[in-house]
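Okay, so here's the structure we're looking at.
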Number of protein chains: 2
Amino acid sequence: MAEAGIMAGTQSVEATLDEAAAACAARGAQLTDLRRQVLRLILAAPHPIGAYALLDQLRAERPGAAPPTVYRALDFLRQQGLVHRVERLNAFVGCTGAEAHHACGHGHDHPHQFLICSVCGATAEVCDSRVSEAVASAARAAGFRPVRMTVEVEGRCAACAEVT
Amino acid sequence: MAEAGIMAGTQSVEATLDEAAAACAARGAQLTDLRRQVLRLILAAPHPIGAYALLDQLRAERPGAAPPTVYRALDFLRQQGLVHRVERLNAFVGCTGAEAHHACGHGHDHPHQFLICSVCGATAEVCDSRVSEAVASAARAAGFRPVRMTVEVEGRCAACAEVT
DNA sequence: CGCTGCGACGTTACTCTATATCGCATATCG
DNA sequence: CGATATGCGATATAGAGTAACGTCGCAGCG
């Protein structure tokens with residue numbers, strides 16, 4: 001229970017992949033086999049995963065895979081809002097709760113925040129509008145026109161904080 | 001005037017270096033020649049500068065410089081709160097307004113935010129407590145114990161926004 | 001005096017992250 | 001049919017960061 005806030009989506013990876021394919025199709029883009037494989041690996045990983053770890057795993061199914069193979073797929077998945085990049089880790093995670101974000105009116109480039117546990121490596125995505133409002137308003141106060149924001153918090157997740 | 005929010009400190013680089021040296025000494029650390037050179041290059045750069053660009057410039061004075069040379073100096077300068085890393089850019093900037101931060105009660109690891117202009121590359125550091133409060137409180141609401149935060153906003157600075 | 005510990009720095013080598021570029025195949029449309 | 005677009009294989013290179021080891025100089029101390 002303590003991990004509730006840190007858990008990824010509860011549905012199966014394959015179901016998520018099917019939803020993702022449908023969402024892409026609805027936008028006129030296609031989730032090809034390669035892209036689907038990459039997304040599957042990301043969703044199956046317990047934590048944010050680096051591009052080259054992804055590449056290693058991908059080679060099991062696709063021996064010819066090279067860095068551009070992975071990066072092209074990642075670029076696509078990010079455009080589609082299916083994957084986010086965690087800047088502090090140079091790693092990638094599946095976007096959890098894309099439905100929720102759409103429900104609250106955000107597009108696929110929604111503002112989000114990451115909570116990164118420096119003990120266990122778990123990374124949770126949250127979507128707090130007060131945070132994005134505060135950041136955007138601080139930026140505007142400086143005469144700045146915000147477009148995209150990165151908010152990443154390093155600390156201890158609930159489970160690791162208990163141990164203290 | 002439009003750039004007021006984006007300007008770096010107004011005093012000369014050398015004066016800043018002297019202050020930095022004094023601040024280090026007060027903490028029992030020393031700003032050696034190497035560290036001073038690296039800090040000078042960062043302060044003189046108009047924008048955040050990458051480690052390898054720094055290395056290239058450093059080699060003019062110090063032909064034997066290698067990556068560890070730069071990274072060790074950067075680690076020191078970051079510990080001393082004289083330099084920040086911009087995660088989105090994999091680059092480094094001088095900490096503007098360290099005095100102001102100390103004045104408002106923060107140590108040298110103060111929470112800060114970056115405004116990064118995607119047109120001209122200018123990067124401004126701001127220190128808005130409402131932002132850091134909002135982020136910290138969102139994190140705690142998820143049972144997370146925040147330690148350090150990265151807030152980086154990409155958009156258009158005042159000068160570049162005028163042009164539209 | 002020589003020993004020891006420590007911090008700063010040099011040096012080599014390596015890993016990881018990311019992009020540029022060329023080229024081929026297919027697909028879709030007028 | 002040709003023309004343009006997209007996906008992807010393949011090679012090469014740039015950029016970011018770290019590991020490991022050695023050396024020098026400078027305390028403090030028996």
Side-chain angles (χ1 to χ4, degrees), chain A residues 20-21 24-25 27-42 45 47-80 82-93 121 150 152, chain B residues 20-21 24-25 27-42 45 47-80 82-93 121 150 152:
Chain A
C24 290
R27 290 179 215 116
Q30 50 177 328
L31 191 68
T32 62
D33 280 354
L34 171 61
R35 293 163 178 171
R36 193 179 175 106
Q37 284 169 6
V38 171
L39 181 54
R40 180 181 296 115
L41 290 172
I42 293 172
H47 296 321
I49 181 170
Y52 280 67
L54 223 38
L55 178 56
D56 286 343
Q57 293 185 230
L58 185 63
R59 282 207 239 249
E61 312 170 73
R62 216 172 256 261
T69 313
V70 170
Y71 280 101
R72 281 192 290 238
L74 287 171
D75 287 345
F76 173 86
L77 295 171
R78 288 209 281 163
Q79 275 172 26
Q80 296 296 316
L82 299 168
V83 160
H84 294 306
R85 180 187 154 86
V86 186
E87 301 288 341
R88 286 186 76 88
L89 305 179
N90 291 336
F92 302 86
V93 285
T150 300
E152 296 177 359
Chain B
C24 290
R27 290 180 213 116
Q30 52 177 329
L31 191 68
T32 62
D33 280 354
L34 171 61
R35 293 162 177 171
R36 194 178 174 105
Q37 284 168 6
V38 170
L39 181 54
R40 181 183 294 113
L41 290 173
I42 292 172
H47 296 320
I49 182 171
Y52 281 67
L54 222 38
L55 178 56
D56 286 343
Q57 292 185 232
L58 185 62
R59 282 206 240 249
E61 311 170 74
R62 214 173 257 260
T69 313
V70 171
Y71 280 101
R72 281 192 287 239
L74 286 171
D75 287 346
F76 174 86
L77 295 171
R78 288 209 281 162
Q79 276 171 26
Q80 295 297 315
L82 298 168
V83 160
H84 294 305
R85 179 188 155 84
V86 186
E87 301 289 341
R88 285 187 75 88
L89 305 178
N90 291 336
F92 302 85
V93 285
T150 301
E152 296 177 0

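Scope of the values below: all heavy atoms of this structure, side chains included, with no hydrogens, waters or symmetry mates. Letters A, B, ... are given to chains in the order of the sequence lines, protein chains preceding strands, and every chain is numbered from 1.
- Without hydrogens or angle criteria, B:Glu61 side chain to B:Gln37 main chain gives no donor-acceptor distance under 3.5 Å.
- A donor-acceptor pair under 3.5 Å is formed between the side chain of A:Arg35 and the backbone N or O of A:Gln30.
- Between D:dC8 and A:Thr32, a contact under 4.0 Å exists linking OP1 or OP2 to a side-chain N or O.
- A:Val70 places none of its side-chain heavy atoms less than 4.5 Å from the side chain of A:Tyr52.
- For the pair B:Gly64 and A:Tyr71, nearest-nucleotide mapping onto DNA chain C gives the more 5' position to B:Gly64.
- Between the CG atom of A:Leu31 and the P atom of D:dT6 there is a distance of 17 Å, rounded to whole Å.
- A:Ile49 is listed as a side-chain neighbour of A:Gln57, based on a closest heavy-atom distance under 4.5 Å.
- Looking only at side-chain heavy atoms (C-beta outward), A:Arg85 and A:Asn90 come within less than 4.5 Å of each other.
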Task: Check against side chain to side chain contact (heavy atoms under 4.5 Å, CB included), B:Val83 and B:Val38 - done: CA-CA 10 Å; B:Val83 160; B:Val38 170; over 6 Å; no
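- We find that CZ of A:Arg88 is positioned 16 Å from C1' of D:dA16, with the value rounded to whole Å.
- Between the CZ atom of B:Phe92 and the P atom of D:dG15 there is a distance of 15 Å, given to the nearest Å.
- Residue-level contact check: B:Arg72 touches the bases, meaning some heavy atom is under 4.0 Å from a base atom.
- A donor-acceptor pair under 3.5 Å is absent between the side-chain atoms of B:Glu87 and the main chain of B:Thr150, judged by distance alone.
- Distance A:Leu34 CG to D:dT6 P: 17 Å, rounded to the nearest Å.
- Heavy-atom contacts of chain B under 4.0 Å fall on DNA chain C between two terminal nucleotides, which in 5' to 3' order are C:dA8 to C:dT12.
- Only A:Tyr52, listed by number, bring a heavy atom of residues 50-60 of chain A to less than 4.0 angstrom from any atom of DNA chain C.
- When side chains are defined from C-beta on, B:Leu82 does not count as touching B:Ile42, because their heavy atoms never get closer than 4.5 Å.
- A search for salt bridge (charged side-chain N to carboxylate O under 4.0 Å, His left out) contacts involving A:Arg36 returns A:Glu14, A:Asp18, not counting sequence neighbours.
- Protein atom CZ of A:Phe76 is 12 Å distant from nucleotide atom P of D:dT6, rounded to whole Å.
- Comparing A:Ala29 and B:Arg85 against DNA chain D, the residue whose closest nucleotide sits nearer the 5' end is A:Ala29.
- Look at CG on A:Asn90: it is 14 Å from C1' on D:dT18, rounded to the nearest Å.
- Computed from coordinates, the A:Arg36 CZ to D:dG7 C1' distance equals 17 Å when rounded to whole Å.
- Between B:Leu89 atom CG and D:dA16 atom P the separation is 10 Å, expressed in whole Å.
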